[in-house]
Amino acid sequence: RTRLVVLVSGTGTNLQALLDAASAPGYPAVVVAVGADRDDAQGLKRAERAGVPTFVVRLADFADRGEWDAALAAAVAAYDPDLVVLAGFMKLVGTAFLARFPGRIINTHPALSPAFPGVHAPRDALRYGVKITGCTIFLVDEGIDTGPIIAQAPVPVRVDDDETSLHERIKSVERALLVDTVARMAAFGWTVDGRKVTIP
Ligand code: GAR
C-alpha cells in the first residue's frame, strides 16, 4: 500500500478522514506517520488514537526557517513516504522539503484555485461575494497555493453563510475529495506535464 506521511497544524479532520478510510482493508494507502509544527495540534491525538506514530518539528527550535525546513524534511523522510499530504498544515514548506519529495507533496485548499489563495480562503470568498466556491487538491510548489491542480469540487455559498458555516461545508466536501484523490493516486499513479496533472 502507498505510504502516506500526513502533516497537520490544527484540528485534523482531513487527517481523520484518511485514517478512517485507510482502516478499511481495500484502501490502497496507509498513514505511516503524522507530523506537526506545534505540540497542541489536535491531529496528533487523532494519530495516537489510531496507533500511528507522530513527530513534532517546531520552527521556534531552529535558528532559521531553512534549518527548520531541512529538519522537517528529514523527519518525514525517516518514514519513507510515497506521498506527503499537507492536511491543514499552516506553514509553507521550503526548498529543502520540496527537493526531497519532488512531485510527491499534496495539499488541500478550501477554495477553487486560483481564487483566494492563503489562509483565509472561506472569508475571502464570502467578502468577494462569489456564489460558488469549493476545494482544491494540488501538488505543492514554492508558491502559496499555486501548484498544479489535481482535483477540485464545488460548494455553493448560501445567503446566510458566515465564515465558519461556509468553511465547515467546504471541509465536508474536502475530506471526501481528499480520500478519493489519494486513493486514485495510490492505485493508478500520476503524471505531471507542466501544470497538467493526470491520474490515468
Ligand atoms: C482545511 O479546510 C484545509 O483546506 C485548510 O485548513 C483546513 C484544515 O482542517 N488549509 C488551509 O487553509 C491551508 N492554506 P482540518 O485541520 O480539520 O483538516
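Every number for a ligand or one of its atoms is a count from 1 in the order of the listing. Everything numeric in this text was worked out from a predicted model, so none of it was measured.
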Identity and separation of the nearest protein heavy atom to [atom]:
| atom | result |
| --- | --- |
| atom 4 (O) of ligand 1 | E174 OE2, 2.3 Å |
| atom 13 (C) of ligand 1 | M90 SD, 3.7 Å |
| atom 5 (C) of ligand 1 | P110 CD, 3.8 Å |
| atom 8 (C) of ligand 1 | G88 CA, 3.6 Å |
| atom 14 (N) of ligand 1 | G118 O, 3.7 Å |

Are the side chain of [X] and the backbone N or O of [Y] linked by a donor-acceptor pair below 3.5 Å?
| X | Y | result |
| --- | --- | --- |
| S172 | R169 | yes |
| R195 | G147 | yes |
| S9 | M90 | yes |
| D180 | L177 | no |
| R1 | Y27 | yes |
| Q152 | S113 | yes |

Within-cut-off N or O pair, G12 and ligand 1, under 3.5 Å: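 It does: an N or O of G12 is found under 3.5 Å from an N or O of ligand 1.
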Out of curiosity, is [X] lining ligand 1, as in a heavy atom under 4.0 Å away?
| X | value |
| --- | --- |
| V8 | no |
| C135 | no |
| H167 | yes |

Option with minimal heavy-atom separation from atom 9 (O) of ligand 1, where the choices are R175, Q42, H109, K171: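 Looking at heavy atoms only, the winner is K171.
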Heavy atoms of other groups near R38 CZ, more than 12 under 6.0 Å: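 Atom CZ in R38 is not packed in, count stays at 12 or less.
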Flag if over 12 foreign heavy atoms under 6.0 Å of CG, D193: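 Open.
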Atoms in ligand 1 with a heavy atom of T11 nearer than 4.0 Å: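 Counting atoms of ligand 1 from 1, those under 4.0 Å from T11 are 16 (O), 17 (O).
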